[in-house]
Amino acid sequence: MVVIFTAVAIMGGLGIFFGFGLSLAHRFLKVEEDPRLDAVEDLLPGSNCGACGEPGCRAFAENLIEGVHSPSTCSVSTASTIESVAALLGVDPGKQVKRVARLFCAGGLGVARQIADYRGEGSCRAAHLVGGGGKACSWGCLGLADCMVVCDFDAIQMNDQRLPVVDVDRCTACNDCVDVCPRDLFEVMPVTQNLIVQCKAPLEGDQARAVCGVACDGCGRCAQDAPQGLIQMENNLPVVAYDAGGPATPVATHRCPTGAIQWVEGGQFKPSGHPVKEFCLD
Amino acid sequence: MQDMLWIFISAMLINNFVLSYFLGLCPFFGVSNRLSTSLRLGVAVTLVMIVTSICASLLNTFVLPYAPYLQLISFIIVIASTVQFAEMIIKRFSPALFRALGIFLPLITTNCAILGLALFQTNRDYGFLQGLTFAVGAGAGFTLAIVLMASLRQEMRLSNIPSIVQGTAISMILAGLLSLAFMGFAGMFSAL
């Protein structure tokens, strides 16, 4: 019994001593913070995704109060969140163009030629490091779903062609998939930019068609059909520059022999199958 | 006086907490990205070590003789409170450093180098001043190790590293080489 009492007395004494000391220290060392900071942080989604360019939601809240950002810079917030933040701070909510991650490859299973059977660690980064996976194309999607795993918002699902399908409504443009993809196939674009070149292979003609049914073979027809300056050919791939010419129309995609350039409204691939033209190998 | 000098040199170089005892590796890898941040973390850890050492000496003299079985838990209480205190000071006087250290500041609480310091000091029956010297030496050793590491990692950002060892792997290799270098001190002195 004595042992218990000694222990309780000593630990209680220590606890009271340090607790008292710390509360005194708190009184003298207290930092005055803007009370709106905590309120704004509570309203924000709290996912700390970094899509706004700040290291976390609290840093974003600080910048909101200082007026560096407008509430709509947060691409994860819903419209009602943005409005309540704007109302709390008495600022203009700002305008937000919805941005989503787009995949620059359409070479799924059955379309891209396989030259090997990859049976290693089930991760794109591992496959890219050791041998580049099983596809003949060294630029295409490896289909091992690193992007699906890294997505915090369940916005990416693999379809039956082993291509990632981005759910446009759920995608918050946080750039996680852009960073994780070892082949840099993702890019975050405004959803209003409809012309998407779904190929990154800098091959020409037969070389391109030999590795994938939906590869861009660099024929340049899209560049000819589009308004002057909108599409430039670089490394046998069309590059769409929305501010250089326009307006962008689906006409540019009509003569594409492989369907590598697509006019996309909403999601890119269907959850099963894909919207590109059928093309038979051999 | 001779004694104090030996304790200091031993804690700082020969038995460096990080590179010879492998204590406190978490901030050693976590906060060694930038030289300025790592130096300040080193100072914060040294501060916590000194206060812990003082408290541990007092506890060893006045409280623990009555209840030696409370040694670990009372040391942990001391460390946790000290870290809270250090956190308040840093938040008050340097918010930028507070943000740069991030989670590693409260994590000083669970830094085994600090608990190790209190336990070593008790096991070796150091008195008040000896303990204080030991704490300053250990803190200086920790700061030295983390500053060396941060300088190396900053240099490495400019060099061409094979992609297979980039990032964590090369940091581990560097830490191993640093540790090997500090093993040289062990051969130079046989005392302690």
Side-chain angles (χ1 to χ4, degrees), chain A residues 1-34 37-38 41 48 50 53-63 65-66 120-121 123-132 179-184, chain B residues 33-34 37 44 47-48 51-52 54-56 58-106 109 118 162-169:
Chain A
M1 279 310 276
V2 179
V3 172
I4 296 177
F5 281 125
T6 324
V8 169
I10 290 178
M11 294 316 292
L14 281 177
I16 291 171
F17 176 73
F18 283 112
F20 198 70
L22 280 180
S23 65
L24 263 183
H26 181 68
R27 180 153 298 177
F28 289 111
L29 295 171
K30 200 169 151 189
V31 182
E32 292 294 334
E33 277 182 337
D34 195 327
L37 190 60
D38 283 325
E41 199 193 358
N48 292 317
E54 300 296 336
C57 290
R58 193 172 179 87
F60 179 66
E62 281 171 17
N63 279 314
I65 289 171
E66 284 165 19
E121 171 74 22
S123 141
C124 305
R125 281 165 293 174
H128 180 68
L129 200 62
V130 292
D179 293 336
V180 82
C181 181
R183 296 198 154 161
D184 296 331
Chain B
N33 281 323
R34 286 176 57 199
T37 317
L47 181 84
V48 173
V51 179
T52 305
I54 294 172
C55 293
L58 293 177
L59 282 176
N60 281 333
T61 322
F62 298 110
V63 180
L64 291 179
Y66 304 104
Y69 48 88
L70 289 178
Q71 192 190 44
L72 264 179
I73 194 167
S74 55
F75 283 169
I76 288 172
I77 287 192
V78 166
I79 294 167
S81 315
T82 317
V83 171
Q84 281 284 313
F85 184 62
E87 206 178 324
M88 282 182 204
I89 292 182
I90 292 176
K91 197 174 180 183
R92 173 79 175 81
F93 294 108
S94 175
L97 177 63
F98 184 76
R99 248 175 275 142
L101 292 178
I103 186 66
F104 288 100
L105 187 56
T109 316
S163 64
I164 199 153
V165 292
Q166 264 170 14
T168 315

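This structure is a prediction, so every number in the text was calculated from the model and none was measured. Proteins come first, then strands; the chains are lettered A, B, ... in the order of their sequence lines, and each starts at number 1.
- Residues Phe75(B) and Leu64(B) meet the side-chain proximity criterion, which asks for heavy atoms closer than 4.5 Å.
- Side chain of Tyr69(B) to backbone of Val3(A): a donor-acceptor contact under 3.5 angstrom is found.
- Here the closest non-hydrogen pair linking Leu105(B) and Val83(B) is O-CG1, 3.6 Å.
- Annotation: Leu37(A), atom CG; neighbour count of heavy atoms from other residues, nucleotides and ligands within 6.0 Å is above 12.
- Residues Val63(B) and Ser74(B) fail the side-chain proximity criterion, which asks for heavy atoms closer than 4.5 Å.
- For Leu59(B), the part sitting under 4.5 Å from any heavy atom of chain A is the side chain, from C-beta outward, and nothing else.
- What you find for Arg183(A) and Gly132(A) is that their closest heavy atoms are NH2-O, 3.3 Å.
- For Phe17(A), no part lies near chain B; criterion is any non-hydrogen pair under 4.5 Å.
- Of the listed residues (Leu29(A), Leu14(A), Thr6(A)), the greatest number of heavy-atom pairs within a distance under 4.5 Å of chain B belongs to Leu29(A).
- Under the 4.5 Å side-chain criterion, counting only non-hydrogen atoms from C-beta, Phe98(B) is in contact with Glu87(B).
- Taking non-hydrogen atoms and a 4.5 Å limit, the residue list of residues 18-25 of chain A in contact with chain B, ordered by number, reads Phe18(A), Leu22(A), Ala25(A).
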